[in-house]
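Note sheet for the following structure.
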Protein chains: 2
Amino acid sequence: MAETIPTPRRGRPRSFDAHEVLQQVQDAFWKGGFEGTSIDDLTGATGLNRPSLYGAFGDKHALYLQALRQYRESTLDAGRQILEDAPTLRTALEDIYRAAIRIYMGDDDGRGCFVSSTAPPEAVHDTSVRRELSAMNDGLDGHFEARIARAQAEGEVCTALPPDEAARIASAVLHSLSVRARAGASKRALHALAQSAVDLLAKAPETGSESGSEPGNSTGG
Amino acid sequence: MAETIPTPRRGRPRSFDAHEVLQQVQDAFWKGGFEGTSIDDLTGATGLNRPSLYGAFGDKHALYLQALRQYRESTLDAGRQILEDAPTLRTALEDIYRAAIRIYMGDDDGRGCFVSSTAPPEAVHDTSVRRELSAMNDGLDGHFEARIARAQAEGEVCTALPPDEAARIASAVLHSLSVRARAGASKRALHALAQSAVDLLAKAPETGSESGSEPGNSTGG
DNA sequence: GCATTTTCATACCCATCGTTACAATATTGG
DNA sequence: CCAATATTGTAACGATGGGTATGAAAATGC
């Protein structure tokens, strides 16, 4: 907080963008997990050599932790935005599950959530990783709870559960979507689970009683 | 099915029970994950030396696969039994979530579900592991669906969702309990999530409207 | 332009990884 | 008791793991 000097950097400047490199590191860990990804894999994914990686980010563990943190922060921010932008709880849940499935399915291979797919094996004996995993869950729970509470405040009679409990169910569905994606489930199956969750957590859109089965396509990326 | 010859074994007999050793192997992988567990860890956990392990089970990958399979089969069998024994859907869900939490919390450290905590990192590039993970999910979904269908057939007006969809939500809660256990969640928090899921998927027990908060203790180990 | 400072590239270090020879040991069948 | 067979224990194999020393290269400040 005391040093916000613009850029009095001396010496040779970096030839890479830290944020972008961290994104590539994240992708590598996403595919291989922490133990299953070697430094060689990381140099291959980033184009940097070992000393550059170590100089900029620290050792492998620190690198993984920073990748986890960046993913968590960006994902939670994006998720909160999606929830807030939706006019109703129903559309909010539909939108966030659709976005999650798009991420979890990757290019076409089911890769799940980066945190909940790669952190658990390390979380048992690694406190800092466990904290990251916990922070991810708490963030999701919190965002869902806030959105559900808002829905109730706005008069949407939505669910039989109090906001905090319904929120944890909503997060649970995300956990399941991630695991199922890794297990090779189809997009169709994931969308079906999401739709079931929406039907369970949010009341029908006011009019009619038609139960939508198609995920629809819009607001594409 | 053709060779059920008692034991015409020649040569020196084994000094260990394969099933028991596989259980110890499972515990080791449970704590360390696949990549994070070395052969030395396995020899330490089992008391066997490397050639014995390789001779009896094959290489590390085969060992992990057999541990996954044994866990899946025993867990699915136990789960089906619990669901079938319960008189109502509500108690069935309560019982199975209580049993799951007991397993997921281990001695006191949150270790989660063996399959869904250790398989995901490997499932991306390992087809056989992915199949195990998928079989676990399919088994859970199937058992839940059968129990919910039975509940409906027996006249329990339970949920707003068809049996197959409600079953996937029920499995999703297990997935979430596993991840949250690894994240360090308390037993209290896990039981709260389970209770919310029960309230959402099964109607109140007929009489009264009291919502139970205590997990209670019975049908112990 | 020259000293200073930081990054980049090549190579190397030691530890540990999974796997396997090889010989000693223990059991079965005769 | 002896040949045959399977398991056990010790030790080693090549490969790869994470991490780092050492200069060359490229920028800044005066």
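Order of the sequence lines sets the chain letters (A, B, ...), proteins ahead of strands, with each chain counted from 1. Predicted, not measured: the structure shown is a model, and the values here were computed from it.
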Whole-Å distance between D:dG17 C1' and A:Glu35 CD? 11 Å
Determine which pairs satisfy salt bridge (charged side-chain N to carboxylate O under 4.0 Å, His left out) with at least one residue from residues 124-137 of chain A, sequence neighbours left out, and list them in order. A:Arg72-A:Glu132
DNA chain D-proximal residues of residues 38-48 of chain A, any heavy atom under 4.0 Å: A:Ser38, A:Ile39, A:Asp40
Does anything in residues 73-86 of chain B pair up under salt bridge (charged side-chain N to carboxylate O under 4.0 Å, His left out), and if so which pairs, sequence neighbours excluded? B:Arg69-B:Glu73, B:Asp77-B:Arg80, B:Arg80-B:Glu84
Under 3.5 Å donor-acceptor pairs involving side-chain atoms of residues 26-36 of chain A, not counting sequence neighbours:
from, atom 1, to, atom 2, distance (Å)
A:Gln26, OE1, A:Gln23, NE2, 3.4
A:Trp30, NE1, A:Arg111, O, 3.2
A:Trp30, NE1, A:Gly112, O, 3.1

If you assign B:Ser15 and A:Phe34 each to the DNA chain D nucleotide with the nearest heavy atom, which residue ends up on the more 5' nucleotide? B:Ser15
The complete set of salt bridge (charged side-chain N to carboxylate O under 4.0 Å, His left out) pairs with one or both residues in residues 37-59 of chain B, sequence neighbours excluded, reads B:Asp40-B:Arg50
For B:Phe16 and D:dG9, what is the distance between atoms CZ and P respectively, to the nearest whole Å? 10 Å
Go through the structure and list residues passing salt bridge (Lys or Arg N to Asp or Glu O under 4.0 Å) with A:Glu165, not counting sequence neighbours. none
In residues 51-68 of chain A, which residues come under 4.0 Å of DNA chain C by heavy atom? A:Pro51, A:Ser52
Suppose the criterion is salt bridge (charged side-chain N to carboxylate O under 4.0 Å, His left out): which pairs have a residue in residues 169-181 of chain B, not counting sequence neighbours? A:Asp141-B:Arg180
In whole angstroms, how far is the P atom of C:dC8 from the CG atom of A:Asn49? 7 Å
Nearest heavy-atom contact between B:Ser196 and A:Leu161 is O-CD2, 3.7 Å
For C:dT19, does the base pair up with any side-chain atom of B:Arg50 as donor and acceptor (N or O, under 3.5 Å, distance only)? yes
Of all residues at least two apart in sequence or in a different chain, which pass the side chain to side chain donor-acceptor pair (under 3.5 Å) check with B:Thr91? B:Thr88
